[in-house]
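Structure, as C-alpha cells:
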Amino acid sequence: SASAAAAAGCGAPAHAVACSTKSSAPNVVIPSTSAASSSSDDNDDDQIGETVNDNQDSCEQGYSRAVRGRILQAPADIAAQLGLPLARAERLLRQAMRSVPFAVDTTTPLEVVYEDGDFIAVNKPVGYHTAPIHRWQGGSMVNILLGHLASKQQQQQGQQLQQQYQQQQQPLLQDQEQEQQHLVQQHGQWQQQKRIQLKQQQTRNSHQRQQRQYAEDSIQRPVQAKPYVLHRLDYNTSGVLLFGKNGKAVPGVAAQFRQRKVGKEYLAITVGVPSQASYTVDAPIDYHPALATARCIAATGKPAVTQVEVISSNPDLQLTGHCQEGELFHERGGVVGSEAREGLKGVALVRCFPKTGRTHQIRLHLAYLGHPLIGDEIYGVTGDWIGRQALHARALALAHPLTGEQMRFVAPVHDDFQAAVAALGLYLPDEQQRMH
C-alpha cells in the first residue's frame with residue numbers, strides 16, 4: 001500500500017499494516033524497532049520532565065531542544081577557547097544568558113480560558129511559537145504571557161500600595177477631625193479656620209508625597225512572575241495551551257504528560273472522507289530523511305498513537321482545481337490508484353485524541369490514513385478555505401498535581417476555522433460533548 005511505501009521511505013519495514021476493513025474501529029499499526037530513538041523533539045511529552053528538572057529558569061524551558069543542545073555544548077567551547085575550567089565557563093555563560101531580559105509583549109491580546117495561582121490556560125492564536133527562540137526575541141506565547149503576568153502583578157502591587165496608603169491616611173483623618181473638635185472648644189472662629197487650613201495643607205502635601213512614592217514603586221518594583229512551558233502547539237495550530245505559574249505544580253504535570261495521563265482533544269478538517277467512523281493509528285514517528293522540518297512514519301521512530309473519530313463529512317465536494325498539494329502530499333497513505341486517495345474529493349471534520357505527544361503527530365497520522373489536513377502546506381493541500389492547517393486543540397484534561405482535582409480546559413474554535421467548516425459544508429460538534 002501507499003502507507004507501507006511512505007513508511008519504507010523513512011526506514012519502515014515493507015510489511016507495515018494499513019487500515020483494516022472491520023466494522024469496529026480499526027487499528028493502523030507500524031511496529032517500532034526503537035522506543036527511544038533519536039527522534040525526540042520539542043513537542044514530545046517525554047521531554048517535558050527534562051526541561052523542568054534541568055533548568056531553574058522557568059522561561060528558559062521554552063527553548064527548543066536544538067537550542068538547548070547548543071547551549072549545553074557552549075561551555076565546553078568557551079572553556080577550550082579561553083583556557084578556563086569547565087565549571088567556570090558554565091557559570092559565566094549562565095550569568096551572561098540571564099543578564100539578557102526576555103522580551104515582554106504588552107500589546108498582543110491574550111484570550112485566557114482559565115487562570116489561578118498555579119496555572120494559566122490560553123487559547124493560542126495562529127502565527128505564534130509556544131516559546132521564544134532566543135531570550136531577546138518576541139513572537140511567542142511566552143512573551144505575551146510575560147506581558148500579561150507583569151501587568152497583573154503590577155495591578156496587584158498597585159492595589160496593595162493603595163491599601164497601604166489608605167491605612168496610613170486613616171490616622172491622619174482621625175487626627176484632623178479630633179483637632180477640629182478641639183479648636184471649636186478652645187479657640188475662636190478665626191483661629192479655628194487658620195489652624196484647619198494649615199492642617200489641610202499638611203495633609204495635601206503628605207498625600208502628594210505618598211502618591212509620588214506609590215507611582216515610583218509601581219514602576220520600579222521588579223516583576224518576578226514567569227510562565228513554565230508545560231507543552232507546545234505548532235506555529236500554525238490554534239487552541240488550548242497550558243502554562244504553569246507555580247514551580248511546585250510543574251513536576252506533577254510533567255509526570256502526567258510522560259505517563260500519558262493527560263487527555264488531549266483536537267478538531268481537524270481532512271482531505272477525503274475516511275471509510276470508517278473511527279480509527280486507532282499506532283505508527284512511530286521519526287525525522288523525515290529529505291525535509292528537515294518534516295516528520296515521517298518509520299519503524300526507527302518513537303511510538304505514537306492517535307484515536308480518530310469522524311464527526312461530519314461532505315463526500316461530494318470536489319477539491320480538484322481548487323487546491324495546491326503540499327510538499328509531501330505525494331507520500332500520503334491509502335491505496336494507490338483508489339478513488340478515496342487519488343480523487344481529491346470530499347472533506348471531513350474529525351476529532352483526534354493523541355495518546356502520545358510527537359511533533360506533527362496528528363498531521364502525520366491523518367496523512368498516513370490517506371486523509372491529510374486541509375491547509376497543511378507540508379502533508380496536505382492548501383486552498384482558499386483557510387490560511388493555515390485546519391487543526392485546533394480544543395480541550396486538555398488532567399488532574400491538579402497538588403490537590404488531585406480533575407481539571408478540563410476548553411478553547412473555542414477560531415473564526416477562520418469556523419468559517420472553513422461552513423464553507424466546506426461541515427458542522428461543528430456540540431461544545432458540551434466530553435472527551436474520552
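In this chain, residues are counted from 1 in sequence order.
Contact annotation: the side chain of V413 never approaches that of R394 to less than 4.5 Å [non-hydrogen atoms, C-beta and beyond]. Two residues are said to be in side-chain contact when any heavy atoms from C-beta on lie closer than 4.5 Å; S238 and K124 fail this criterion. In this structure, P372 and F329 have side chains that are in contact, with non-hydrogen atoms separated by less than 4.5 Å. Side-chain contact between P289 and C296: present, with at least one pair of heavy atoms (C-beta onward) separated by less than 4.5 Å. Looking at Y427 and L349, their side chains never come closer than 4.5 Å, going by heavy atoms from C-beta outward. At a threshold of 4.5 Å between non-hydrogen side-chain atoms, the residues F409 and L398 count as touching. R91 is not listed as a side-chain neighbour of P75, based on a closest heavy-atom distance of 4.5 Å or more. Taking 4.5 Å as the limit, some side-chain heavy atom of L396 sits within range of a side-chain heavy atom of V262.
For the pair T403 (side chain) and E405 (backbone), a donor-acceptor distance under 3.5 Å is present. With hydrogens and angles disregarded, no donor-acceptor distance shorter than 3.5 Å links the side chain of D282 to the backbone of V305. No donor-acceptor distance shorter than 3.5 angstrom exists from the side chain of Y128 to the backbone of N236, with no hydrogens or angles considered. Side chain of T130 to backbone of L233: a donor-acceptor contact under 3.5 angstrom is found. The backbone N or O of V308 sits nowhere less than 3.5 Å from a side-chain atom of R351 that would complete a donor-acceptor pair. The main-chain N or O of L402 is never found under 3.5 Å from a side-chain atom of K248 such that the two would form a donor-acceptor pair. For H371 (side chain) and L366 (main-chain N/O), no donor-acceptor pair under 3.5 Å exists by modelled atom type. At distances below 3.5 Å, at least one donor-acceptor pair connects side-chain atoms of H288 with backbone N or O atoms of A290.
The aromatic rings of Y235 and H129 lie tilted to each other, with the angle between the two planes from 30° to 60°.
In plain terms, the two heavy atoms of T306 and C352 that are nearest each other are CG2-CB, 4.2 Å. Listed here is the closest heavy atom pair of G147 and T106: CA-CG2, 4.0 Å. Closest non-hydrogen pair, V310 versus A348, comes out as CG1-CB, 4.5 Å. Residues A131 and V229 approach most closely at CB-CG2, 4.3 Å, considering heavy atoms. Pairing each heavy atom of G117 with each of N246, the nearest pair is O-CB, 3.8 Å. Taking all atoms of both residues into account, the shortest heavy-atom contact from A399 to Q406 is CB-NE2, 3.5 Å.
Heavy-atom neighbours of E90 CD from other residues, nucleotides or ligands within 6.0 Å: above the threshold of 12. Surrounding CD of Q318 are more than 12 heavy atoms belonging to other residues, nucleotides or ligands, all under 6.0 Å away.
A salt bridge between R363 and E377 is absent, with no side-chain N of the basic residue lying under 4.0 Å from a carboxylate O of the acidic one. D118 has no carboxylate O lying under 4.0 Å from a charged side-chain N of K245, or vice versa, which leaves the two without a salt bridge. Here R332 does not pair with E325 in a salt bridge; the nearest charged N to carboxylate O distance is not below 4.0 Å.
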Next on the checklist: I'd like to know whether F119 forms a ring-ring contact (aromatic ring centres under 6.0 Å, His included) with H400, so could you lay out the CA-CA distance, the side-chain angles of the two residues, the decisive distance to 0.1 Å, and finally the verdict.
Outcome noted: CA-CA 9 Å; F119 301 104; H400 195 293; 5.2 Å; yes

Next on the checklist: Let's go through V347 and I374 carefully: what are the C-alpha distance in whole Å and the side-chain angles of both, what is the deciding distance for side-chain contact (heavy atoms from CB on, under 4.5 Å) to 0.1 Å, and is it a yes or a no?
Outcome noted: CA-CA 8 Å; V347 290; I374 292 287; 4.2 Å; yes

Item to check | Residue pair L369, T270: steps toward the side-chain contact (heavy atoms from CB on, under 4.5 Å) verdict | outcome: CA-CA 10 Å; L369 283 176; T270 67; over 6 Å; no

Checklist entry - What do the steps show when you test I269 against V421 for side-chain contact (heavy atoms from CB on, under 4.5 Å), and what is the final call? => result CA-CA 8 Å; I269 305 175; V421 168; 3.8 Å; yes

Item to check | Residues F257, H231; criterion ring-ring contact (aromatic ring centres under 6.0 Å, His included); working and verdict | outcome: CA-CA 8 Å; F257 273 103; H231 65 122; 5.4 Å; yes

Item to check | Worked verdict on D316 versus N314 for side-chain contact (heavy atoms from CB on, under 4.5 Å) | outcome: CA-CA 6 Å; D316 299 323; N314 182 2; 4.3 Å; yes

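No side-chain donor-acceptor contact under 3.5 Å links R388 and T237. When only modelled atom types and interatomic distance are considered, Q307 and S278 share no side-chain donor-acceptor pair under 3.5 Å. Side-chain contact annotation: E115 with H148, donor-acceptor N/O pair under 3.5 Å present. For the residue pair T107 and D105, a side-chain donor N or O sits within less than 3.5 Å of a side-chain acceptor on the partner. Y279 and H365 form no side-chain donor-acceptor contact under 3.5 Å, judged by distance and modelled atom types alone. No hydrogens or angles considered: a donor-acceptor pair under 3.5 Å links the side chains of E111 and N123.
How far CG of L149 is from CD1 of I120: 5.5 Å, rounded to the nearest 0.5 Å. Separation of atoms CD (Q324) and CG (L319) is listed at 13.5 Å; rounding is to 0.5 Å. To the nearest 0.5 angstrom, H360 atom NE2 is 10.5 Å from L391 atom CG. A distance of 5.5 Å separates CG of L328 from CG of L291, quoted to the nearest 0.5 Å. How far CD of E309 is from OG1 of T280: 9.0 Å, rounded to the nearest 0.5 Å. Here CD1 of I362 is found 8.5 Å from CG of L373. Values are rounded to the nearest 0.5 Å.
Results of the side-chain hydrogen bond (donor to acceptor under 3.5 Å, both in side chains) test with T356 over Q361, K302, R260 single out Q361 as the only residue that passes.
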